[in-house]
Protein chains: 2
Amino acid sequence: MPRVLSSEDVEAFRARLCEAAQTLFAERGIEAVTMRELAQALGVSPMTPYRYFKDKDAILAAVRAAAFARFAARLEAAMAAPADPLHRSRNAGQAYVDFALAEPQAYRLMFDLNQPTEGDYPELQGAIVRARRTMTVHIEAMIEAGQLEGDAELIGHLFWSVLHGMLMLQLTGKLAPTIDPVKLRGLALVTLVKGLGIATP
Amino acid sequence: MPRVLSSEDVEAFRARLCEAAQTLFAERGIEAVTMRELAQALGVSPMTPYRYFKDKDAILAAVRAAAFARFAARLEAAMAAPADPLHRSRNAGQAYVDFALAEPQAYRLMFDLNQPTEGDYPELQGAIVRARRTMTVHIEAMIEAGQLEGDAELIGHLFWSVLHGMLMLQLTGKLAPTIDPVKLRGLALVTLVKGLGIATP
DNA sequence: CAACATAAATTTACACTGTAAACAATCGTC
DNA sequence: GACGATTGTTTACAGTGTAAATTTATGTTG
């Protein structure tokens, strides 16, 4: 117990806690994880996390922010390959789906309606803004390349809505048993490409 | 306290409880409502609801089923007016949005990722199946009318995904401040109509 | 009609949750 | 070397969902 904690130590503990929380969430489900479990996973007494986070909601917000950061990083990585805007667009969509299906609990938490609004957590808000910008960047590129016309931000939100809607219906088990999610995503893609008038080579 | 309860009485109590739950959910938010509050709202002791529902999840499932039933009824009503299939389609989409925005807490509960899967609650499952069928019926009508080609169920799920995705992003506050939800829905409509090749008069 | 059996409702009790408040232990500073 | 502040722990509490025991009230029966 050092008398004073460097801000690096504080940040390190927070990171360790978020990591442990994320792991436990993925294992046992989010709502099944308790404060005491979390503390025990860090080998620390039940009240210690409260020295580093105001309350449980603050922990969830930090985990959400980390998830959005990973998410944005994946999208950016998927668009780093030097391809034409249309292909980058496809890669981004695929990365979006891959992330949601690889880390469903994280995706759940990111878009959980029961979580408090992000307004109270600046770090989380920043992560969301970054992810959102990442999603519109390639639309702007397509517009600049003359492959598409319209409001980039609005079109980006349309793509986002379609992806999010399909994934949520799938993750909540609302799709009919006869519906193949892959086919659905294929239909969505060709419909959007045609409907928006995106120029295909 | 009659000695034996007719099944009508049982059903009546369940209905009263669901109604009270729905009201409290809309007022104070879903997760803030407790079993004891619910019982008190019915003028009954805290354990009495357990005579009519196995546990809290069963109550939530019943409320969800009722919400899906109201939802399906709204959609059906919106499509009852004798218009051509395309207009009925528009009306259905509008009714979908109106319902979600008029009863956001109900819509939240219906598509809450934290709720147990509907497999354990046959009544709920039936309500969902009915709502889903309602959503594909007008697509089939358009195909039969020669205004559209393709798999009706798949296309229905695409419409559903777009509506659900836009609404969830809006309800979770994930839309950028510069995005007007009405504009977004307008763009979605014209894009789907054009992308799917729906014949417009 | 009185006594009982039984189903409905209540009361009590318990394990568990998040967290506030009091407490103990440890280190840099004078 | 003693002090004061800060970290971590212990204790305590109100509130949750719900299991078990208990009471209450009624339809049936001797």
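Every chain is numbered from 1, with letters handed out A, B, ... down the list of sequences. Values below: every heavy atom of this structure, side chains too, minus hydrogens, waters and symmetry copies.
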Can you tell me if [X] has over 12 outside heavy atoms packed within less than 6.0 Å of its [atom1]?
X: E76(A); atom1: CD; value: yes
X: E37(A); atom1: CD; value: yes
X: R130(B); atom1: CZ; value: yes

Starting at [atom1] of [X] and ending at [atom2] of [N], how long is that distance when rounded to a whole Å?
X: Q40(A); N: dT9(D); atom1: CD; atom2: P; result: 13 Å
X: Y52(A); N: dT6(D); atom1: OH; atom2: C1'; result: 10 Å
X: E31(A); N: dG17(D); atom1: CD; atom2: C1'; result: 15 Å
X: R14(B); N: dA8(C); atom1: CZ; atom2: C1'; result: 15 Å

What is the ring orientation for F111(B) with Y107(B), classed by angle as parallel under 30°, tilted 30 to 60°, or perpendicular over 60°?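 Because their plane-to-plane angle lies in the 30° to 60° range, the rings of F111(B) and Y107(B) count as tilted.
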
Protein-nucleotides 18-21 of chain C N/O pairs under 3.5 Å:
residue	atom	partner	partner atom	Å
dG18(C)	OP1	M35(A)	N	3.4
dG18(C)	OP1	K56(A)	NZ	2.6
dG18(C)	OP2	T34(A)	OG1	2.3
dG18(C)	OP2	M35(A)	N	2.9
dG18(C)	N7	R36(A)	NH1	2.8
dG18(C)	O6	R36(A)	NH2	3.1
dT19(C)	OP2	Y50(A)	OH	2.8
dT19(C)	OP2	K56(A)	N	3.0
dT19(C)	O5'	Y50(A)	OH	3.4
dT19(C)	O4	R36(A)	NH2	3.2

Minimum heavy-atom separation for T136(B) to E153(B), with atom names?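 Closest heavy-atom pair between T136(B) and E153(B): CG2-CA, 4.2 Å.
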
Can you see whether Q170(A) engages R185(A) through a side-chain donor-acceptor pair at a distance of less than 3.5 angstrom?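 Side chains of Q170(A) and R185(A): pair found under 3.5 Å.
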
dT9(D) OP1/OP2 closer than 4.0 Å to side-chain N/O of T48(A):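 Checking T48(A) against dT9(D): at least one side-chain N or O falls below 4.0 Å of OP1 or OP2.
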
In terms of the nearest nucleotide of DNA chain C, which residue is placed more toward the 5' end: E37(A) or R51(A)?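 The 5'-side residue here is E37(A).
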
